[in-house]
Each structure stands twice: as structure tokens, then as C-alpha cells.
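Have a look at the structure below, then the notes.
Both backbone and side-chain heavy atoms feed into the values below; hydrogens, waters and symmetry mates do not. All chains are named by letter (A, B, ...) in the order of the sequence lines, taking the proteins before the strands, and each is independently numbered beginning at 1.
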2 protein chains.
Amino acid sequence: MDLLLIEDDGMLGQAVEIGLSERQFSVQWVRTGAAAISESQRAPYDAVVLDLGLPDLDGSRVLSALRKKGQLMPVLVLTARDDSSETVKLLDLGADDYMVKPFDMNELAARLRALVRRQRGQASAELVVGPIRLDEVNFQVLVDEQRINLSRREFELLRALMTSPGRVHSRDKLEQVVFRNEQQVESNALEVHVHNLRKKLGNKEWIQTIRGVGYRLACK
Amino acid sequence: MDLLLIEDDGMLGQAVEIGLSERQFSVQWVRTGAAAISESQRAPYDAVVLDLGLPDLDGSRVLSALRKKGQLMPVLVLTARDDSSETVKLLDLGADDYMVKPFDMNELAARLRALVRRQRGQASAELVVGPIRLDEVNFQVLVDEQRINLSRREFELLRALMTSPGRVHSRDKLEQVVFRNEQQVESNALEVHVHNLRKKLGNKEWIQTIRGVGYRLACK
DNA sequence: ATAAAGACTTAAGGAAAACTTAAATTGATC
DNA sequence: GATCAATTTAAGTTTTCCTTAAGTCTTTAT
């Protein structure tokens, strides 16, 4: 998915660019509102991540300029503090979602995915595989309509598997997703999480292990 | 997956329609080339199964007519006899695969699935030989649509054989592939793997041994 | 027909990968 | 700082797989 990132701060911009790239987004990063507007007309984007407090224009003006140019893609706003008056204003102007800094990269990715999915008419911001339903925005998982409680790692693991059910996900890929940038794990932590997740899902057949390779979510 | 079946023979048409329906395809069956062309424009199909020897148009003209109308979906041709000059002509005209009658329904289904998958860009990383489908990405092997479980060595062995079916693979080459860099084997390990693989494939004829040379995969 | 060579079959021992469990560590919350 | 949940480590267990080896069967050559 192609994203347009509008962020003037170098550190934060780089962090977001890398973080989203690692999560399978294709990110175009611009630093000014003016650049954002011209870039948005050069190529189609699936969504925009807009930081408030840009140097040349403030966020709300960038947003309304985008909309005036006929750009209808979803816009997620990053805001410094949880100031309801401002966020309400933004949502009125046509922002689709917002997050307060500092934010979690996984959550940002999840919300973006949900926005794009909704935009495409795929309504449910949910991944559904067989009797498993995973709500990426609310961090909820239902199995046979029963809510189950997953830890963060378990949730990430399940989400990764559910994004392409039936496909084998290599250990390496899964470790990248589950443990993110955090210190490299040199133990069997992944196996432990798989074990616990299987237990919580109730059916140990669902997550199949491909010896020497990784794991797969059985899609039936 | 939606298929357009072009077949004038009633018996055969019905057999194919039922056979493919049972295998989760949605089949639209037409009996003439003219009907095929109008039907192909009415709705989008994932693939076409085209029998040669239709009453109103011969197969190659139907095929080129389809392509002229901008229909890009994969086309699998059913042909009466294995006449290489004709099949070459068809492949030139834009057919994607062909099978000689009488054919095995499982193999037809397998080939269609492979075609559609390849069309969708979902990594044509699948080898299909007769009723055997080997998915190189997901480390999965199906025989007659039934999943079978192969160990790493068995999988490598089968993959090697399937990359050029019908050709003889020397013992040495196979050992290189199966045992990779690992220590040279000075036992009959390869034979044991061949034996186990044959057992798992269910048909011991598939893998033929060429005494003093090696093995060959031949299943039809 | 018989011997020799090559291939097949089977079973056992050991190694590698994955599973399971529990304890130690971390991190957040009050 | 105490507590609780989440996470990682570590160690023991189980499972699966691979190799070896020995015996049997098949083919080929004499």
C-alpha cells in the first residue's frame, strides 16, 4: 500500500518511514505541506499520514488544500497532545483518524490498514479466517464469537499469520514482526508464543508447523 | 473460480462440468464458439477450457477471436491427439496450456488452478506434473488434491525430479540436491528417501529407476 | 543357471527441531 | 517499592527426521 507521509521532523519522519516500510507499506516522505500537495497529484496514494505543526502551513490547511484538490484518500493525523477541540476540528475538515504522539508503530500500521480497507469498501477492519476474527483497530480477537484475550506478542503473531492464511511464514519473518526492532531474540521465545497462542485459540491444528521453515495458519 | 467451458460434445461437456464443479470451480458451459465469445464478454472469467473441433469454428479461430476481443484470461486447450504441430500452433496463438484426451480430471483441475494462480501473479512457484502439485513457496505437496506430508529431503528430491519431469536425473545430481553441502553420504540414503517418497506419493510407478544411472519422474 | 551388482525394504540409533513447562526478568501500575 | 502481567530464558521432553546397516529382491552377465 502506498502512503504519503507528511512530517517535518527528521527523527520522527525517519522512524515512521522505516517502521511502516517494515510493515509492508510503501512510504513517500515529504517534509512540507507544499511538497505534499504536489506529490499527492503526481501519483495516487492509498492514504496520508499528516503531522500537525509543519513549518510552512499548519496541518489543517494542508488537509483542506488536499481535499480541495479532489484528493479523497483517507488521512490520518498525528497530533502532539490529546486536545479534543483541535481533533474535532480536524475530523470535521475531513481527517479520518488521528493518533496522539508518542504512538505505537504497530497501532499506526493497524489503523492505516483499517482505513485503507474501509475506503476500499472492504468495510470490516477485520481479518477473518475460518472461525477466527481479528479486529486490528480494537485489538480484539474472537473465536467462534467468543472473545479471547491475547497478549501483544500473541496478537502480532496471529495477525501476521492471518494476513496470508495458508501461506508459510518463515520463522525469521515472524520474529521480525513479533519482536520488531527490539533486541534480537536468541532463544525460543517465538516457539513459546506459538505454544501459548495455540492454547488460547483452542485448536492446535490451526497453526501448523513446517519443520525447518516456519508456521502456517490452516485456512479451514 | 469462474471457468468458461467451450465444448460441443454433450457427454464430455457434462463430465467436465460436473468434475470441475465438484472441485470448487464455477463452470459456465457453452457449446459453440460464437456463444463462447459473447459469453466471455458478458462476465469476467478466470480461465477458459477450450475443446478443439467445435462445429461452427475451429478451436484456433475461437482462441484468436477471444484474444482479439481483449480477453486475456488463461486458456487451456483440450485436444484429441498429441499432434505437436497443432499444439505448437495453439500455444503460439495464445493458449496457455493443453491436455490430450482422454485426460484426468484431477490433473485438469490442478493445471487450471496453476494457470489462474500464475495469472494473478501469485508466484507461479508451483510445479505441476500429472496429479502432483508442488508449491515451492509454501512447502506443500498435493496429490490428487490431497495434501501429503513430506520431510525436507523428500521434498527436495521431489522438487528436483519435478523441475524436469520425464528426464533422467543421475544419482549424483540428486545427491547434490538432496544433501546439499552437508557431509557426503556414503550409504544408500538416497535410495531410502526414494523409497519413502514413492510410498507417500501412493503410486510407485511415478518414480522410475534407470538402473545404473538414476531416476526419472513419469506420471501420466 | 548361477554369480555379481544394483536396487529395494526394513528397522534401529542418534541427531535436530519443536514442544512444554517453569523460573527469572522486565515493565507497567498503583 | 510492591504487585501483577507479559515476556524471555532455560532446561527437560517429545517428536520427527536422517543415516546407517543388514537382509532381500531384481536384473544383468557369464
Side-chain angles (χ1 to χ4, degrees), chain A residues 102-104 106-107 139 141 148-161 168-218, chain B residues 139-141 147-161 168-172 174-218:
Chain A
F103 50 85
D104 176 74
N106 280 321
E107 185 172 354
F139 298 99
V141 176
I148 62 174
N149 244 317
L150 298 186
S151 74
R152 175 156 212 75
R153 298 270 132 113
E154 290 157 359
F155 185 89
E156 295 299 337
L157 176 56
L158 180 58
R159 168 159 64 194
L161 292 172
V168 174
H169 300 250
S170 74
R171 269 183 127 59
D172 282 352
K173 269 281 161 52
L174 290 175
E175 287 181 349
Q176 273 177 36
V177 172
V178 174
F179 304 117
R180 243 185 72 42
N181 296 334
E182 303 156 31
Q183 83 273 334
Q184 270 306 349
V185 173
E186 31 188 285
S187 77
N188 60 348
L190 182 67
E191 289 175 22
V192 174
H193 290 306
V194 169
H195 173 243
N196 293 329
L197 179 56
R198 276 178 174 147
K199 204 150 62 175
K200 288 187 180 178
L201 288 178
N203 185 332
K204 312 219 165 180
E205 314 284 297
W206 286 343
I207 300 178
Q208 301 175 341
T209 124
I210 285 65
R211 182 172 244 250
V213 185
Y215 296 89
R216 156 176 49 205
L217 187 65
Chain B
F139 299 94
Q140 182 171 253
V141 176
R147 172 133 191 263
I148 63 174
N149 245 317
L150 299 186
S151 75
R152 182 154 208 76
R153 298 269 135 110
E154 291 157 359
F155 186 89
E156 295 298 338
L157 176 56
L158 180 58
R159 167 156 63 188
L161 292 172
V168 177
H169 299 250
S170 75
R171 265 183 130 60
D172 281 353
L174 290 176
E175 286 183 349
Q176 270 177 37
V177 172
V178 173
F179 304 115
R180 296 194 181 279
N181 304 330
E182 305 155 32
Q183 84 276 333
Q184 269 307 343
V185 171
E186 25 189 288
S187 78
N188 61 347
L190 182 66
E191 289 176 22
V192 174
H193 290 307
V194 169
H195 173 244
N196 293 330
L197 179 55
R198 277 177 173 149
K199 202 150 64 175
K200 288 186 181 179
L201 289 178
N203 185 331
K204 313 224 165 177
E205 316 285 298
W206 291 160
I207 301 178
Q208 302 175 340
T209 121
I210 286 50
R211 181 169 244 252
V213 186
Y215 296 90
R216 159 173 54 194
L217 184 66

C:dC8 phosphate, OP1 or OP2, under 4.0 Å from B:Arg198 side-chain N/O: yes
Under 3.5 Å donor-acceptor pair, A:Asn188 side-chain atoms to C:dT21 base atoms: no
N or O in side chain of B:Arg153 less than 4.0 angstrom from D:dT19 OP1/OP2: yes
Electrostatic pair A:Arg159:A:Glu156 at N-O distance under 4.0 angstrom: yes
Any B:His195 side-chain N or O less than 4.0 Å from OP1/OP2 of C:dT9: yes
Side chain B:Asn196 and base C:dT9 donor-acceptor under 3.5 Å: no
N/O (side chain, B:Ser151) to phosphate O (OP1/OP2, D:dT16) under 4.0 Å: no
N or O in side chain of B:His193 less than 4.0 angstrom from D:dC17 OP1/OP2: no
Proximity to the side chain of B:Ser187 - top-ranked nucleotide from D:dT9, D:dT19, C:dT9: D:dT19
Touch class at under 4.0 angstrom, heavy-atom based, for A:Val192 against every strand present: base
Check: B:Arg211 side chain, D:dT26 base, donor-acceptor under 3.5 Å: yes
Phosphate OP1/OP2 of C:dA18: any A:Arg171 side-chain N/O under 4.0 Å: yes
Sugar-phosphate, base or nothing in reach of A:Phe155, heavy atoms under 4.0 Å: nothing
Phosphate OP1/OP2 of C:dC8 contacted by B:Tyr215 side-chain N/O (<4.0 Å): yes
